[in-house]
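Heads up: the structure comes next, in structure tokens.
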Amino acid sequence: MLDAPIADQVTVRPAGRLRGQLGLPGDKSISHRALLLALLANGESRITGAGDGRDVRATAGVASALGARVTRLDGDARTVDYLVVSPGRAALREPAGVLDCQNSGTTFRLVAGILAGLPAFGILDGDESLRRRPMGRIAAPLLAMGAAIAGRADTTLAPFAITGSAQLRAIEHASPVPSAQVKSCVLLAGLAATGRTVVREALPTRDHTERMLRARGVPIHTDVLGDGSAIHEVFGPAAVHPLDERVPGDVSGAAFWLVAAAIHPDADLLIRNVGTNPTRRGIIDLLRRMGADIEERPVGTGADGASGEPIADLVVRSSSLHGIDVDPADVAGAIDEIPILCLAATVASGRSRIRGIGELRHKESDRVAGIVAGLAALGARIRADGDVIEIEGGRALRGAAVASHDDHRLAMTFAIAGLIAEGDTLVGNAGAADVSYPGFFDELERVRA
Ligand code: S3P
């Protein structure tokens, strides 16, 4: 599957049983950040177990175009180790060509924050999906900091042409949407600004950037307030020190196997080395609230990775699930897992309501439209109304042809549905899975054997 063409269709047949151990790609969010912080640091950084999907490869390509020597060392089908040698932020080079972020919103938004603080000209672009995604949310704070940016549609859509400045203004930015990408973009720009750059978010989002900057010597501070909102401050100008990083397995990839085993009548799976960061583990806790039998065996603490990301092995078995209400604060901690959670809710007894899903319309595809259409085609009772998805559970699914809209998370969600649906499930553009989980379909075949 690794080199499957984009337009491929995969047929998934029901599985009699699910058994075995799963290997995950390295966490995508952490892998992007490890590469980009290695780019900003002067010296050598080793990254062990990075995800080897197309998104992280795009970031590695951008890091080398900006002047780092990025070498692929060891790896397997899903992960790769990198050695990054960089001259550091002050000596990065103006990229000779367009920086192609491909399908990766994280690459685009984080690199925009870096380019804003470089006295250089750079153009950021990506694929058709990326060119549809909202970029005004990063243009506004970066313009306020003093970067010059021009983009399509009044600088709200890619491509962006950015002329940065080594002397940005520190700002206070209240993010209009819960987004770790926006937060990280502004904090990375804040490294090149003089003074205190502040990001406020109404709902806390994944905190990898803050952990990783802190571990690399950057003065950064976070306060979580009584109402659940968060304030992040970085004090610039600040240097990033090189640091080796071991990347935990991607909990967003683990989510597919957690749901597969929980909804399958004869399943027992062991998922090794899963990152269980409190700002990312929402799917584990939501599935448990639905009644999923998930055993968590912690295998590491702060000492395991440079940034202190917690890691656990997870054992998940066939479960009897019931519907739940999910509120917006829970959605922020499981934003990429909502599609696979919808599949679990389809099979669970009773009704589920997921509120605050607006941001899902702005991912690699409109995931609200995609999940509603795909699961309905498989026989689910699911509807979306504004910011809410409602699912009447207890449905037996039957195979059908479903469109993934070239979106990795939808492709993998429908493939997992195929394990329990009656008959054949035909997943369109299944190769999209390679964006975050190379080898996903090989794992799918292995655990059903
Ligand atoms: C990510 C943040 C989330 C998430 C994406 C990865 C990150 O996006 O959906 O897959 O690495 O910061 P938003 O910050 O836009 O919500």
Carefully, step by step, assess Asn277 and Glu309 under the rule side chain to side chain donor-acceptor pair (under 3.5 Å). CA-CA 6 Å; Asn277 177 312; Glu309 296 278 352; 2.9 Å; yes

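- Within the 4.5 Å cutoff, the side chain of Cys185 has heavy atoms near those of the Leu142 side chain.
- Judged by distance alone, with hydrogens and angles left aside, the side-chain atoms of Ser404 form no donor-acceptor pair with the main-chain N or O of Ala430 at under 3.5 Å.
- Side chain of Lys183 to backbone of Val199: no donor-acceptor contact under 3.5 angstrom is found.
- A 4.5 Å side-chain heavy-atom check between Phe440 and Ile416 finds at least one atom pair inside the cut-off.
- Taking CG from Asn273 and CG from Leu24, the interatomic distance works out to 7.0 Å, rounded to the nearest 0.5 Å.
- No donor-acceptor distance shorter than 3.5 angstrom exists from the side chain of His232 to the backbone of Ile220, with no hydrogens or angles considered.
- Asp387 contributes a side-chain N or O that, together with a main-chain N or O of Gly358, makes up a donor-acceptor pair within less than 3.5 Å.
- Using a distance-only test at 3.5 Å, with no hydrogens or angles considered, a donor-acceptor pair links the side chain of Ser86 to the main chain of Leu39.
- Leu22 is listed as a side-chain neighbour of Val447, based on a closest heavy-atom distance under 4.5 Å.
- More than 12 heavy-atom neighbours from other residues, nucleotides or ligands sit within 6.0 angstrom of CZ on Arg214.
- Side-chain contact between Gln181 and Ile138: absent, with no pair of heavy atoms (C-beta onward) separated by less than 4.5 Å.
- A distance of 11.5 Å separates CG in Leu213 from CG in Leu243, rounded to the nearest 0.5 Å.
- Contact of the Leu269 side chain with the Arg317 side chain is not registered, since no non-hydrogen atoms from C-beta on lie closer than 4.5 Å.
- Judged purely by atom type and a 3.5 angstrom limit, Asp8 uses its side chain to pair as donor or acceptor with the backbone of Gly431.
- Atoms CZ and OH, on Arg78 and Tyr437 in that order, are 6.0 Å from each other to the nearest 0.5 Å.
- Side chains of Arg272 and Gln21: a donor-acceptor N/O pair is present below 3.5 angstrom, by distance only.
- Looking only at distances, a side-chain donor or acceptor of Ser175 sits under 3.5 Å from a matching main-chain atom of Val177.
- Of all the heavy atoms in Gly291 and Ser319, the pair that sits closest is O-CB, 3.8 Å.
- Using a 4.5 Å heavy-atom cutoff, the side chains of Leu115 and Leu99 are in contact.
- Atom CD1 of Ile371 and atom CG of Asp366 lie 11.0 Å apart (nearest 0.5 Å).
- Put simply, the side chain of Arg19 gets close to the backbone of Asp266: a donor and an acceptor are under 3.5 Å apart.
- Panel note: side chain Arg216, backbone Leu37; no donor-acceptor pair is recorded below 3.5 Å.
- Donor-acceptor pairing under 3.5 Å is lacking for the side chains of Thr346 and Arg395.
- Atom CG of Asp325 and atom CG of Leu286 lie 11.5 Å apart (nearest 0.5 Å).
- Residue Asp336 is tested with Arg280, Arg367, Lys28 for a salt bridge (Lys or Arg N to Asp or Glu O under 4.0 Å); the sole match is Arg367.
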Please report the C-alpha distance between Ser352 and Glu390 in whole Å, then the side-chain angles of each, then the deciding distance to 0.1 Å, and finally whether the side chain to side chain donor-acceptor pair (under 3.5 Å) criterion is met. CA-CA 6 Å; Ser352 292; Glu390 269 189 4; over 6 Å; no

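- Interatomic distance, Ile324 CD1 to Arg289 CZ, rounded to the nearest 0.5 Å: 4.5 Å.
- Side-chain atoms of Arg446 do not come within 3.5 Å of backbone N or O of Asp442 as any donor-acceptor pair.
- Side-chain contact between Arg355 and Val331 is absent, with no heavy atoms from C-beta onward closer than 4.5 Å.
- The side-chain heavy atoms of Glu364 and Asn103, taken from C-beta on, include a pair separated by under 4.5 Å.
- Of the N and O atoms on the side chains of Ser318 and His264, not one donor lies less than 3.5 Å from an acceptor on the other residue.
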